**Student:** 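Here's a structure for you.
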Amino acid sequence: MIPIAEPLLAWYTRHGRHDLPWRQTRDPYPLWLAEIMLQQTRVESVKPYYTRFLQTLPAWRALAAAPQDQVLALWSGLGYYTRARNAQRAAQVVMASFAGHFPDTLEKAVTLPGVGRSTAAAVLASAYGQRQAILDANARRVLIRSHAIDADPKATATQQWLWTLASALTPEDAHGYNQAIQDLGAMICTPRQPRCPDCPLASRCKAHAQGRSHALPVTAHKPPKPQRHTFFLLAADPEGRILLEKRPDSGIWGGLWCLPQAAPDGGELSILCNDTLPPLEDTPAVRQFLQEAWSRRLRLDLQLLALAEEQQHVFTHFQLRFRCAHARVLDSAVADSAATLRWYHPADALTQGLPTPIRRILRNLGGGR
DNA sequence: CAAACGTGGGG
DNA sequence: TCCCCAAGTTT
């Protein structure tokens, strides 16, 4: 085991990112919110979301009581929307079970939805000054390189070893150390082309000594992404409003407002589907199928006008190809009654929680390019 | 325990 | 253009 705390903290004092918005406080609520937003997400992406969210919902009570649609609207574009729904559930638990205070033990903290071991440790260290080790992607990379760990980082045994290492190396000032190791990972010990000449740990780094910094951590080769296809319905009523459908909480884009979908094989209509379809052809048969399927499911008398050019959206685990079907309805009364279906003027729709590609589509509707 | 879960920036 | 992957957690 290689002691790194002392040079790390010295480096952090001089070169760390002390100006990050969530480093201006020791209040658990904003610290916790930042940790949730930063999960699998870059600092620069989080900043504007963090500021806006905190201005709108500045405390546990406000978040716990907010409409879910408001929470998701504040999260819209940030991705991994389970985090937003869990964050609100966590705020409700904090209010109901912890008297409005973030719990003060790891055991209790990890019972909060969306709060795992690393997030819990980060908050406890920063908010309460506890000696708690984190193990995020930055800390993991620094430990793997400094100790020249060849094993698969995903393997359970490796994870266990890394946690043991992290705990042993974390000093009393875990608050400072955790931030220091994260900054080192983000600024010096980066995934590709690490800047070893500038690294305060270079002299004691095993990977550097072996000339293997660039080769660690070992990375698994990724299989190609499966392709999925769907049609999105752009139905306009006589007032120029667009029909949106609220997605179920589970699954992709959970809880967001989306354009209604259809898959040309007649399969489940409310989910993004599926790899076995014929491509997104524009034939009379396809048009007829789409018009009938949507009319029946949405209980609308709609006329299909045109199929727009194919677009695509890439997710972590699959690639989505889609076309927008422009349609009009003469009477929008029926769909208004369903809780998961709503007509929106495009400008109002843009204030809702929307998936990024749907936001792009709606933004480009009127006068956009 | 492998897969699900978003999006955008950088090489 | 394409591939990588980021302050992980949940199922």
Side-chain angles (χ1 to χ4, degrees), chain A residues 16-17 20-23 31-50 72 75-87 89-90 109-123 125-126 132-142 152-160 162-163 166 177-187 189-194 214 217 219-226 228 247-256 258 271-272 312-320 353-360:
Chain A
R17 296 175 294 182
L20 295 177
W22 42 89
R23 289 190 179 165
L31 286 170
W32 160 83
L33 178 66
E35 290 301 327
I36 302 297
M37 286 189 163
L38 286 162
Q39 288 169 4
Q40 298 287 283
T41 310
R42 294 172 190 283
V43 164
E44 287 309 313
S45 302
V46 165
K47 280 179 179 172
Y49 285 87
Y50 172 80
L72 288 170
W75 212 275
S76 181
L78 196 54
Y80 286 132
Y81 299 99
T82 301
R83 293 182 297 173
R85 299 191 307 275
N86 280 341
R89 288 207 293 138
V110 296
T111 67
L112 296 173
V115 176
R117 180 170 172 184
S118 194
T119 296
V123 176
S126 288
Q132 299 280 3
I134 61 165
L135 187 60
D136 62 350
N138 288 313
R140 182 177 296 112
R141 193 167 52 250
V142 171
D152 173 12
K154 305 290 181 192
T156 307
T158 315
Q159 300 263 19
Q160 232 163 40
L162 286 169
W163 270 111
Y177 173 84
N178 289 345
Q179 298 179 38
I181 198 167
Q182 288 184 305
D183 279 8
L184 190 82
M187 301 164 68
C189 197
T190 51
R192 282 172 292 183
Q193 292 188 291
H214 64 284
T219 124
H221 129 279
K222 306 269 164 79
K225 294 182 201 298
R228 301 188 187 180
R247 298 183 60 82
D249 274 355
S250 62
I252 199 92
W253 295 338
L256 299 190
C258 192
I271 61 174
L272 295 168
Q312 74 164 17
H313 184 74
V314 180
F315 295 85
T316 304
H317 50 302
F318 64 90
Q319 179 173 341
L320 181 68
L354 305 173
T356 290
I358 304 301
R359 182 172 300 282
R360 187 175 302 125

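Below, chains carry the letters A, B, ... as their sequence lines are ordered, and counting in each starts from 1. Predicted model, so just to flag it, every value in this text is computed and none were measured.
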**Student:** In chain order, what residues pass the salt bridge (charged side-chain N to carboxylate O under 4.0 Å, His left out) check against K154(A), with sequence neighbours excluded?
**Tutor:**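 Per chain and number, K154(A) pairs via salt bridge (charged side-chain N to carboxylate O under 4.0 Å, His left out) with no residue.
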
**Student:** Identify, residue by residue, the members of residues 40-49 of chain A with a heavy atom below 4.0 Å from DNA chain B, and return them in order of residue number, or none.
**Tutor:** Q40(A), T41(A), R42(A)

**Student:** Name the residue closer to the 5' end of DNA chain C, choosing between A220(A) and A120(A) according to the nucleotide with the nearest heavy atom.
**Tutor:** A220(A)

**Student:** For the P atoms, the ones on dG11(B) and on dA7(C), what distance do you get once it is rounded to whole angstrom?
**Tutor:**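 The answer is 14 Å between these two P atoms.
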
**Student:** Could you pull out the closest heavy-atom pair between R141(A) and P217(A), with the gap in Å?
**Tutor:**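 Minimum heavy-atom separation between R141(A) and P217(A): CG-CD, 3.8 Å.
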
**Student:** Please tell me which of Q39(A) and K154(A) maps to the more 5' nucleotide of DNA chain B, matching each residue to the nucleotide holding its nearest heavy atom.
**Tutor:** K154(A)

**Student:** Categorize R140(A) for me: base, sugar-phosphate, or nothing, with a 4.0 angstrom heavy-atom threshold over every strand shown.
**Tutor:**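 Answer is nothing: R140(A) stays at 4.0 Å or more from every strand.
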
**Student:** Using a cut-off of 4.0 Å on non-hydrogen atoms, how would the nucleic acid contact of R85(A) be classed: base, sugar-phosphate, or nothing?
**Tutor:**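 It contacts nothing in the nucleic acid.
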
**Student:** Of all heavy-atom pairs between A125(A) and Q132(A), which one has the smallest distance, and what is that distance?
**Tutor:**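 Looking at all heavy atoms of both residues, the closest pair is CB-O, 4.1 Å.
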
**Student:** Holding to side chain to side chain donor-acceptor pair (under 3.5 Å), I want the full list of residues that pass it with Q312(A), two or more places apart in sequence or in another chain.
**Tutor:**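 For Q312(A), the residues satisfying side chain to side chain donor-acceptor pair (under 3.5 Å) (neighbours in sequence not counted) are Q319(A).
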
**Student:** When you look at R83(A) and N86(A), which way does the side chain to side chain donor-acceptor pair (under 3.5 Å) test go after all the steps?
**Tutor:** CA-CA 5 Å; R83(A) 293 182 297 173; N86(A) 280 341; over 6 Å; no

**Student:** Just the rounded figure in Å: distance from P of dT7(B) to CZ of R83(A).
**Tutor:** 11 Å

**Student:** Does T156(A) put a side-chain nitrogen or oxygen below 4.0 Å from OP1 or OP2 of dC1(B)?
**Tutor:**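 It does, given that an N or O in the side chain of T156(A) lies less than 4.0 Å from OP1 or OP2 of dC1(B).
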
**Student:** For the pair made of NE2 in H313(A) and P in dC5(B), what is the distance, rounded to whole Å?
**Tutor:**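 The answer, rounded to whole Å, is 12 Å.
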
**Student:** Counting just side-chain N and O atoms, does H317(A) come under 4.0 Å of either OP1 or OP2 of dA4(B)?
**Tutor:** no

**Student:** Using atom CG of L320(A) as one end and atom C1' of dG6(B) as the other, report the distance to the nearest whole Å.
**Tutor:** 12 Å

**Student:** Could you say whether L20(A) or G114(A) is positioned toward the 5' end of DNA chain C, judged by the nucleotide with the nearest heavy atom to each?
**Tutor:** L20(A)

**Student:** Quick one: label G185(A) by what it contacts on the DNA or RNA (base, sugar-phosphate, nothing), any heavy atom closer than 4.0 Å.
**Tutor:** nothing

**Student:** How are the rings of H313(A) and W253(A) set to each other: parallel, tilted or perpendicular (split at 30° and 60°)?
**Tutor:**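 Rings of H313(A) and W253(A): tilted, 30 to 60°.
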
**Student:** I need the minimum non-hydrogen distance between Q40(A) and Y80(A), along with the two atoms involved.
**Tutor:**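 Answer, listing the atom of Q40(A) first, then Y80(A): CB-CE1, 3.8 Å.
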
**Student:** Please list, chain by chain and in numerical order, all residues satisfying side chain to side chain donor-acceptor pair (under 3.5 Å) with Q39(A), sequence neighbours excluded.
**Tutor:**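 Result, side chain to side chain donor-acceptor pair (under 3.5 Å) vs Q39(A): T119(A).
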
**Student:** For L78(A), which contact category applies under a 4.0 Å heavy-atom criterion: base, sugar-phosphate, or nothing?
**Tutor:**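 Since a base atom lies under 4.0 Å of L78(A), the category is base.
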
**Student:** Using whole Å, report how far CD of Q193(A) lies from C1' of dG10(B).
**Tutor:**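 About 10 Å, once rounded to whole Å.
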
**Student:** Roughly how far apart, to the nearest Å, are dC1(B) and dT10(C) at atom C1'?
**Tutor:**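 To the nearest whole Å, 12 Å.
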
**Student:** Compare every heavy atom of L354(A) with every heavy atom of Y81(A), then report the nearest pair and how far apart it is.
**Tutor:** OH-O, 4.4 Å

**Student:** Measure CZ/R192(A) against C1'/dG11(B) and give the value in whole Å, please.
**Tutor:**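 That distance rounds to 5 Å.
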
**Student:** Which whole number of Å gives the distance between the C1' atom of dC4(C) and that of dG6(B)?
**Tutor:**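 Roughly 15 Å separates the two C1' atoms.
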
**Student:** For chain A and DNA chain C, what are the first and last nucleotides along the strand, 5' to 3', with at least one atom under 4.0 angstrom from a heavy atom of the protein chain?
**Tutor:**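 Nucleotide range with atoms under 4.0 Å of chain A: dC4(C) to dT10(C).
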
**Student:** Roughly, in whole Å, what's the span from OH in Y81(A) to C1' in dA4(B)?
**Tutor:**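 Going from Y81(A) (OH) to dA4(B) (C1'), I get 15 Å.
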
**Student:** So, is T356(A) close to the dT7(B) phosphate, meaning a side-chain N or O under 4.0 Å from OP1 or OP2?
**Tutor:**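 Yes, such a contact exists.
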
**Student:** Rounded to whole Å, please give me the gap between CD in Q312(A) and C1' in dG6(B).
**Tutor:**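 Distance, rounded to whole Å: 15 Å.
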
**Student:** What integer number of Å spans the P atoms of dT9(C) and dG8(B)?
**Tutor:**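 It comes out at 23 Å once rounded to the nearest Å.
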
**Student:** I need the CD-C1' distance between Q319(A) and dC5(B), as an integer number of Å.
**Tutor:** 17 Å

**Student:** For R85(A) and T82(A), does a side-chain donor sit closer than 3.5 Å to a side-chain acceptor?
**Tutor:**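 Checked: R85(A)/T82(A) side chains pair up, N/O donor to acceptor below 3.5 Å.
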
**Student:** For dC5(B), does either OP1 or OP2 sit under 4.0 Å from a side-chain N or O belonging to W75(A)?
**Tutor:** no

**Student:** Once salt bridge (charged side-chain N to carboxylate O under 4.0 Å, His left out) is applied, do any residues pair with R23(A), and if so which ones, sequence neighbours excluded?
**Tutor:**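 Salt bridge (charged side-chain N to carboxylate O under 4.0 Å, His left out) check on R23(A) returns D183(A).
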
